[in-house]
Amino acid sequence: MTEFDRIPKEVFSEAEKFGVLQKDILFAAHADKNPEGVFCDNWVLVTEDEIIMVGGINLVLPKENGRKRDKQRLTVKYSKISLDRMDRNDLSDFKTEKQISGCIMTAYNKKTEGYCLVTYLTCQYEEDFQELCRLLNNKPGSSDEAPEDSEGQHPPHPNGPGGGPPPKGGHGPHGGHGNHGPVRRKKDDDYCPKCGRRFPDPHNKICPHCIDKASVVKRLFFFARKYIFSVIIILLAMVAVSAIGVVSPYISSGFFYDQVLTKGGKFYGEVMLVIFLIVSLRIASLLVDMVNNIITARIVPKLAYDMKKTIFDSVEKLSLGYFTNRRTGALMNQVTGDANTIYWFFVDGLPYLIVNVLQTVAVAVLMFFIDWRLSIVALIFCPLCFWLIKLLSLKMKKFHAKRYSAARSMNGQLSDVLAGVRVVKAFSRERDEISRFNQRSEYLAETDKKIGLFAGTAYPGVTFLFTLSSVLVLGVGGWFVIKGQMTYGTLMTFTAYSAMLISPLMFFVNITQSITNCFNATYRLMEVMDAEPEVFEKDDAQSISREDFRGCVSFCDVTFGYDKTRKVIEDVTMDIPAGAKIGIVGHTGAGKSTIANLLIRLYDTDMGRITIDGIDVRDLTFDTLRKNIAIVSQETYLFQGTILDNIRYAKPEATMEEIITASKISGAHDFIIKLPDGYATRLGWGYKELSGGERQRVSIARAILRDPKILILDEATSAMDTKTERSIQAALEKLTQNRTTIMIAHRLSTLRDCEKLFVIEHGKVAEEGTHRELIQQKGIYFKLYTLQYQALKNAGVGE
Amino acid sequence: MKDSVFTLADAAGIVYLTKDTAHFFKEGDFIGADIKGEDGETTHHLRVWLHRSFPLDMPFEYISVQNKDQEELGLIKSISDFDADERDIITAELERKYYTPTVTKIITLKETRGFSFWRVMTDAGELSFTLQDTSKSIARVGADRAFIFDICGNRYEIRSLSALDKNSYRKLELYL
């Protein structure tokens, strides 16, 4: 939904043509696409009995090139293209429907008895329109009906003046900051307050246009603040190193030739003095450098540690939703890479940047001080060289990017084929794979060749330019010396200085990229660090002690979707008494696992609530939840380490006896002791790989070890044969007494002992009851049962 | 049952719709269908949903026709199995649903801090959009075709990379 004050006033005046005043408008939403797929600004205005569609273009020109970003966006003009109205009473069943690119809003038209298309939009506004549809369908209980808007529902307005010309004049300009906008969600925070653009990712309120570099730098140095003293010493040391670097050439050339070697010089003949000076300068430089390196070596790893710790802390705090989100999921992979980028910038970039800047400035000033004419000769090539190097490195960057993607595609294919070697062999596709590999390998070789050729020819060319400039300096300077305008020593000092400009020049070209990378990396890290966990523990969260925890679970009208546009479960209501053993059945993708995820609060419900012992799970501490509920999920993840480590993960202080007991119940013990290393068997890369059933048994052991009051088994025995499953169930049987057990399965035999079954279909509880009751109902459960029973019977098992 | 060998097709039991078994008509802004079942009875569907099986290579063949519960009513092997006016209705519905703006020129492409901002010329006029994680948001299909997925989930197509002008290609090249 949209803020009313975002609607251009022309839209209201268009609506007035139908006799609709601003105050009659109940909801409004912005659609940004027309049937041809072109971006535009269409407004859907909803009154008590009409839907008015104003199609047009809003010429919004944010100042891109202006040095100071305008605080307000500049709306030039809204020009109407089309105007349309629909009778709201004719329409029902409003829906948004995803298309291949973008969305549409549809409705059922009672008059024409067909479906009609209300408007086109891009996915950006899909959520808005879903809400609009919800409001239009007049579904009670939608969660966020104007929580901030005190005015609430506006009483219906009989369309008084009708089609007559609406009162003009003072009313025209839209002064109303949505004063008459009754039902709308306050979504002002979806827009960047600075430039008015919508945030690319509404969950991360960062506007990439407006993020100011100062804050990034501030953030970067935030990490360094603990070491401020060391940083100052390092900076001083750098100043000293640069100063010595600038003085040295003077002593060893200018001073040496003119004052020591030339007759009549102040220190004529005192070669030892010069040697002494040079050596002591070198020693001083060496010492300062060593001090610098020692301090750097000490604080930089600490700094990196701090940074990684902060990142990891914030990453672990985030809710699961953050990780499963596709966009941010990709972001996560970059975290380590980004930390390294920043680390290397601090170690390899920043110190040299400071030294080089100081030295270059000092050298340039000195050169002008010595002889400005010669300085111009020496510096004339610098801009040209800088520009050339910049060009070359851009080109080189492209080459490297190409090489990187070529290498990635080759390596990707290689590891793919190696991992899937069974499949390749089974379908005898070896030859094709070889030729595919050769193709990619060849392409990689080709890019490598190009890089080699380019680097081998272009860079020597630039070096030649430098040589040319120093030859020029020598020539002009030599002429000056002969004319007696300059001493030989000064010329030598000068050439030494001009040579000192070359490497900083190269450095500056490359550092710009490094700085940009570092900025981007910091920015991305900031994004991760600033992300607010969606599921968080309340400050006043309650905890229930182990003794008082009974394990009575109830779901009340729970609705949830992983992304807001698709509901996975809808209006689920379930009551599970303490100590009961219940089963959840349903097709794949019906939403069974989602129910488990919600109970342990990996996600929060969108609507409705889940209670344990009468307390909303959102009011319980994470500790209470995690200590008393254990889940064995479909995806059994075992960490690298020994089997023992993996089982003990649930309870680090567990004794060996407890671990063996838990393993025995889960049926893991029997296979573990057969392994040569027993419980000390190492798992993971390069070590023992367990089979699917074995992994499941280990993770059941892990859950049992926690001795939870609520045990959730989400397809926990799916990879086992029926016999093993039965024996584990027999062992679990004793354990599950007095414990709330929720078993999720689609193999019905798994659930035969459950006291109550819930059948989930399309995210809703379709049936519930005991096995006997459900069979009598002859509904979905009956169908499933007969299907599976039939299958067993056909296989000769069920007889 | 006869002792005949079951073919894969028998096992799959796919219903292929032809002009004898199905009739498509325009209904409101969408498309409806009368479909004759195996029992010979015709069911009237106020609205059907069409899905391409091979949207890239065979846009008008193997089109799945589904009802509102997303159950497949049948498969259109090729729209040439239908008469011209029905063919037009089906084509129009498919074109509308699968419409993807085709990028013909990249006007500006700026990357800052993990986002890239695009201003492009498409067959539908000038557009601008934002990508996050640029290289991962561009998917190449075959050697010469690419799809771009923007941050909100819209998609854009580049029909032929080699047909792009040099400047556009140069901007894009880094991310391919």
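This is a predicted model, so every value here is computed, not measured. Letters A, B, ... are given to chains in the order of the sequence lines, protein chains preceding strands, and every chain is numbered from 1.
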J.: Count the heavy atoms of every other residue, nucleotide or ligand shown that sit under 6.0 Å from CD of A/E97, and state whether that count exceeds 12.
T.: yes
J.: Could you give the distance from CD1 (A/I100) to CD (B/E157), rounded to the nearest 0.5 Å?
T.: 11.5 Å
J.: Considering only heavy atoms, which portion of A/Y108 lies under 4.5 Å from any heavy atom of chain B: side chain, backbone, both, or neither?
T.: side chain
J.: Give the table of side-chain donor-acceptor pairs shorter than 3.5 Å for residues 23-37 of chain B, with sequence neighbours excluded, one pair per line with atom names and distance.
T.:
| unit_1 | atom_1 | unit_2 | atom_2 | d |
| --- | --- | --- | --- | --- |
| B/H23 | ND1 | B/E86 | OE2 | 2.9 |
| B/D29 | OD2 | A/L117 | N | 2.5 |
| B/D34 | OD1 | B/H44 | ND1 | 2.6 |

J.: How long is the straight-line distance from CZ of B/R96 back to CD of A/Q99, given to the nearest 0.5 Å?
T.: 4.5 Å
J.: Can you name the residues that form a ring pair (Phe, Tyr, Trp, His ring centres under 6.0 Å) with B/Y62, not counting sequence neighbours?
T.: B/F54
J.: Count the heavy atoms of every other residue, nucleotide or ligand shown that sit under 6.0 Å from OH of A/Y404, and state whether that count exceeds 12.
T.: no
J.: Working to the nearest 0.5 Å, report the span between OG of A/S101 and CG of B/D150.
T.: 7.5 Å
J.: Within a 6.0 Å radius of atom CD on A/E442, are there more than 12 heavy atoms belonging to other residues, nucleotides or ligands?
T.: no
J.: With a 4.5 Å heavy-atom cut-off (strictly below), which parts of residues 45-53 of chain B touch chain A? List them by number.
T.: B/L46, B/R47, B/W49
J.: Within a 6.0 Å radius of atom NZ on A/K110, are there more than 12 heavy atoms belonging to other residues, nucleotides or ligands?
T.: yes
J.: A/F94: what forms a ring pair (Phe, Tyr, Trp, His ring centres under 6.0 Å) with it, not counting sequence neighbours?
T.: none
